[in-house]
Amino acid sequence: MLVKTKLHIPNIRSSLVSRPRLMRKLNEGMKAKLTLVSAQAGYGKTTALSEWVKQQGSALVAWVSLDKLDNDWSQFWRCVMASIQESVPEFGNVIAFLLDKESEVFFETAVSAFSNELLHISDELILVLDDYQFIDLPVIHRSLGYLLEQLPPHVHLYIASRTDLAIPTARLLARGEINLIQMQDLRFELDEGIIFFKDTTDLSLTNDQVAELFRQTEGWVSGLQLAAITLKRSDNIAESISQFNGHQRHISDYLLEEVYRHQTEPMRRFLLETSVLSRMNASLCQAVTGETNSQDQLERLEHLNLFIVPLDERRNWYRYHHLLSDFLQQIVAGEDPDHWKIIHIRAANWFEDQGMDEEAVEHYIKGKQAEDAIRIIERIFPDYLQLKSTMMMRWIVALPESSYRDKPMLEMFYITKLVGDGEWDTAIQRIEQAEIRFEALRNTMPEPAWKQVMGNLYYFCGILSYLQQNLPRTSHYFELVESYLPEGSSFQYQASKRYQGYDHFTDLLSLNNDLVEVEQFLLKWIRSWGSKKNYPFVGYQYVTYCALLYEWNRLEEAEVYLAQALGREDLRSNIWLWIQLNLEFSRLQQALGQENGANEWLIQLKSNIDSPDYEWIVRRIEAEQALLSLRRDLPREALDWSATCGLSPADDVYLHRLAEYLVLAKVLTVSGRPEEALHLLERLYRLIDKENRLWDRIQIRVAQSVAYRISGRGEVSLEKLETALKLAEPAGYIRSFVDEGRIMVAMLSEYTKSSQEGRVPSVSPEYVGRILEALRDSSNIRPSKNQILTEQETKVLSLIADGMLNKEIADRLQISNETVKFHLKNVYRKLDAHNRIQALQQAKQSGILS
């Protein structure tokens, strides 16, 4: 396969000048994490690295020659993993999820797993990324920066690029962990230039003539090589040398023109027509040029040292030096644009025949053959949708919109990518245009296929409206989905073991102040979709509604809906939904006084995780356990968590770890470090205030009020508390205050007293009274023996005592069979029983059943 040529170390000419100073500079990279070889084209970056890595003896070398096709998350990391597998065949077997598009959204877990896999390699490993200038995808830059922060000491990354590196490396540079090799390091010294002309050319130049060439080219390696090729044909070397003037680009254009002009007509034609190829072999060159002697031409170019690089040991595959390639393409594109297109079409046909779809699509697009490009894209669409979405998006953007007007899946993909990238306004415009076009397809498509198209389109319309908090419009589109696709859109059924990237679906509690409207919306769709057996999308509504009921302190109702959700098998297919529901259930257990049960639930949850984001999920669960420890008045356990969680109050904070940092702030507050907590909380508030996340703003203001009180600043504490109350009253939030426990009773009492002493309150006494009442009720929740089970669990156990089977209980209570199993599992756990008989015996001994 062509991709293999990306992984070979390019061959260097045996007559290359020895460059000990540059080799020593490259050797210094073995003491650093990153060596950056940075210079413009023609300074010998690839040649220097190729020579150096072949001198490394026992060290393992993984080499990737990058090109524009690698500017895609999945493709880039696929190449990196494959390059390491050349030396370590078993590498990467357990981290295939690194290539998933979910890893692109939140890359930290995937890159951490990659770094951990590197730890299993015992030898020194050199990873070379050549021609990194082709990579401009920001998430790849960020992921490499993240990898460098945790790169094992026996792994060394070498990057060669014509442009400045976009990877964030400030901290590495400050710590002296970057080895920089720049233009001045790559230039030939005068003594090296003298050896170059003496040992590698047939020219007899004086030292003064070599010095003049150095003055003109400033030691530019390719300039000297081009000069040598040109001077071989000169009748007057001194005069030719005097003509080398101007800046580097002018010199290269002049010298390349000289070299090109002196080739035979067939060779010039061969050079021009093959210049469009990023990699080539004799068969491909023959297809493009029609010349049967293509292998001879390639070997002749190599013999002439005419800026051609062999890519494998057998010299089957080659590429042109970028300088030569750019120069030739300017000529052919300018002289004969029509022939330029024909060349690309020929190349595309060859690549398609060889099964190299990506290269074929690239050349069809450049050859203005949109229909052929679309034909291949449609064929590979299902695989590339998940693995190479960035590449797919680039192709679709490059094609004329008219070419896929009647290709609904491609348009749908475009819209999906826009939604995922947060470009919602653009997505809405595309949806409106697509709706008109797709309606016009009704008479040209089979009815079921057309309904599938329209249902999927309206599904995305609903998702966009949901994310924009327009609930009436969301319901309108979901009703259309129900009309066209009663069993749901195919996009709703995608199972995912990934935990990251789904937080938008709980934003209704953060972004929408009218929670009555939110409740009506959620209830409508839970009732509509809850009876469907395989409809995992309803899980998002369950998660949000259970969180809302909990916040409103309607705990018994929350328990009912959590039981429904946790009893559904289809929700287990989405790890994010499953974890969120279980975390909510643990909070509910704690609120109902079942503190030990809440902790046991989290321990059990942690031991049953099947996800590539295992470490990420465990961190989230352990943060919840630390919060539970605070509420159980066990600060020592929470303090132990803060010492091992990997978080610091001085960290840069990000939205997707907001919950963990909020727990850390609370632990710092109770452990005698309130000032650090306040500094962290203020940065968290600035982060979420930009997003206008109401629920999170309330949580942080409450935490600040507690921290100020513990630090002895009572007046500021009451100001922050009042702000939180003002934000929370219109939405009717209760648990954000109740979960703070006894200290909140004292704070609210002081706030009430200050209002009664003549201060004009900005929060109604009735609202404060409701919270205080809930706090008093909460402090009294300690289950006696006959309060161990919930009301629904007691009903299930009573019906078991009557001899009913699970199916009969489900029918009697009008719940699903899975929900019965869920309740029964809780009964066994709470009563320390392993079967129905033991459960009934324990219940009678505890007085739960008479």
Side-chain angles (χ1 to χ4, degrees), residues 509-515 551-553 627 630-631 635 638 649-650 653 655 658-776 778-779:
L509 299 192
S510 291
L511 302 178
N512 198 313
N513 294 343
D514 187 355
L515 294 189
E551 184 59 55
W552 277 344
N553 205 36
L627 184 60
L630 291 179
R631 292 173 180 172
V653 292
L655 208 55
L658 175 64
E660 293 169 66
Y661 278 110
L662 189 53
V663 175
L664 177 63
K666 292 184 177 185
V667 175
L668 291 171
T669 297
V670 301
S671 60
R673 299 162 65 185
E675 293 304 322
E676 290 178 82
L678 286 167
H679 177 66
L680 174 59
L681 287 166
E682 188 56 38
R683 287 186 294 119
L684 290 174
Y685 193 85
R686 288 198 299 269
L687 175 70
I688 56 95
D689 199 37
K690 298 174 187 174
E691 306 283 336
N692 193 30
R693 296 167 65 99
L694 176 65
W695 195 17
D696 297 321
R697 289 166 68 199
I698 294 167
Q699 297 275 333
I700 293 172
R701 285 301 190 219
V702 168
Q704 286 175 321
S705 69
V706 173
Y708 275 117
R709 180 177 178 84
I710 289 178
S711 68
R713 284 173 277 182
E715 188 173 340
V716 183
S717 170
L718 290 183
E719 288 176 5
K720 297 296 182 184
L721 177 61
E722 183 173 57
T723 302
L725 290 166
K726 285 168 63 177
L727 291 170
E729 183 175 11
Y733 286 172
I734 300 294
R735 292 304 307 190
S736 289
F737 302 92
V738 171
D739 286 341
E740 296 300 324
R742 291 190 298 271
I743 194 170
M744 184 54 65
V745 175
M747 291 167 64
L748 286 172
S749 298
E750 286 186 24
Y751 177 76
T752 302
K753 183 179 178 182
S754 70
S755 300
Q756 292 171 346
E757 291 175 350
R759 183 175 175 275
V760 179
S762 57
V763 180
S764 71
E766 291 79 14
Y767 178 55
V768 176
R770 283 171 54 205
I771 298 174
L772 282 168
E773 182 182 358
L775 274 160
R776 285 191 292 270
S778 179
S779 63

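All values below come from the heavy atoms of this structure, side chains included, with hydrogens, waters and symmetry mates left out. The model shown is predicted, which means the values in this text are computed figures rather than measured ones.
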Novice: Hey, what do you get for CZ (F737) to CG (L775), rounding to the nearest 0.5 Å?
Specialist: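 Going from the CZ atom of F737 to the CG atom of L775 covers 10.0 Å.
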
Novice: Atom CD of E722 and atom NZ of K726: how far apart are they, to the nearest 0.5 Å?
Specialist: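 These two atoms lie 6.0 Å from each other.
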
Novice: Measuring from L694:CG to L515:CG, what's the distance to the nearest 0.5 Å?
Specialist: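 Result: 7.5 Å between the selected atoms.
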
Novice: So, taking the atom named CG in L725 and the one named CG in L748, what distance separates them when rounded to the nearest 0.5 Å?
Specialist: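 Between atom CG of L725 and atom CG of L748 there are 6.0 Å.
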
Novice: Are V702 and D739 side-chain neighbours, meaning at least one heavy-atom pair lies under 4.5 Å?
Specialist: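 No. Closest side-chain heavy atoms not under 4.5 Å.
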
Novice: Taking only distance into account, with no hydrogens and no angle test, what donor-acceptor pairs under 3.5 Å do side-chain atoms of residues 765-772 form with protein atoms, sequence neighbours excluded?
Specialist:
from : atom 1 : to   : atom 2 : distance (Å)
Y767 : OH     : Y733 : O      : 2.4

Novice: Quick one: closest heavy-atom pair of A774 and I734, and the distance?
Specialist: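 For A774 and I734, the tightest heavy-atom pair comes out as CB-CG2, 3.8 Å.
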
Novice: Output the distance between atom OG1 (T723) and atom CD1 (I700), rounded to the nearest 0.5 Å.
Specialist: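 Here the interatomic distance stands at 13.0 Å.
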
Novice: Ignoring hydrogens, what is the shortest heavy-atom contact between Y661 and L680? Give both atom names and the distance.
Specialist: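 Of all heavy-atom pairs spanning Y661 and L680, the closest is O-CD2, 3.6 Å.
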
Novice: So, taking the atom named CG in L721 and the one named CE in M744, what distance separates them when rounded to the nearest 0.5 Å?
Specialist: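 One finds 5.5 Å between CG of L721 and CE of M744.
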
Novice: If I compare all heavy atoms of P674 with all of A707, which pair ends up nearest, and what's the gap?
Specialist: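 Heavy-atom minimum between the residues: CB-O, 3.9 Å.
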
Novice: Can you tell me if S717 uses its side chain to pair, donor with acceptor, with the backbone of S705 under 3.5 Å?
Specialist: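 Yes: the side chain of S717 pairs with the backbone of S705.
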
Novice: Should E551 and W695 count as side-chain neighbours, where that means a heavy-atom distance under 4.5 Å?
Specialist: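 Yes; the side chains approach each other to less than 4.5 Å.
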
Novice: Give me the atom names and distance for the closest heavy-atom approach of P649 to L664.
Specialist: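 Taking P649 first and L664 second, the nearest heavy atoms are N-CD2, 4.0 Å.
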
Novice: So which atom in A665 and which in A677 form the shortest heavy-atom distance, rounded to 0.1 Å?
Specialist: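 That closest heavy-atom pairing would be O-CB, 3.3 Å.
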
Novice: Go through the steps for I710 and I743 under the test side chain to side chain contact (heavy atoms under 4.5 Å, CB included), then give the verdict.
Specialist: CA-CA 9 Å; I710 289 178; I743 194 170; 3.9 Å; yes

Novice: Restricting to non-hydrogen atoms, name the atom on V667 and the atom on A638 that form the minimum distance, rounded to 0.1 Å.
Specialist: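 Taking every non-hydrogen atom into account, CG1-O, 3.7 Å.
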
Novice: With the side chain counted from C-beta on, respond yes when L627 and L662 share a heavy-atom pair under 4.5 Å apart, and no when they do not.
Specialist: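 No, their side chains stay 4.5 Å or more apart.
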
Novice: Do H679 and E675 come close enough that some side-chain heavy atom pair is under 4.5 Å?
Specialist: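 H679 vs E675: side chains apart.
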
Novice: Between the main-chain N or O of S736 and the side-chain N or O of Q699, is there a donor-acceptor pair closer than 3.5 Å?
Specialist: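 Pair absent, no side-chain N/O of Q699 close to backbone of S736.
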
Novice: Can you find a heavy atom in the side chain of L658 that is under 4.5 Å from one in the side chain of V653?
Specialist: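 L658 vs V653: side chains apart.
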
Novice: Among K666, M747, R735, exactly one meets side-chain contact (heavy atoms from CB on, under 4.5 Å) together with E740. Which residue is that?
Specialist: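 Answer to the side-chain contact (heavy atoms from CB on, under 4.5 Å) test with E740 among K666, M747, R735: K666.
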
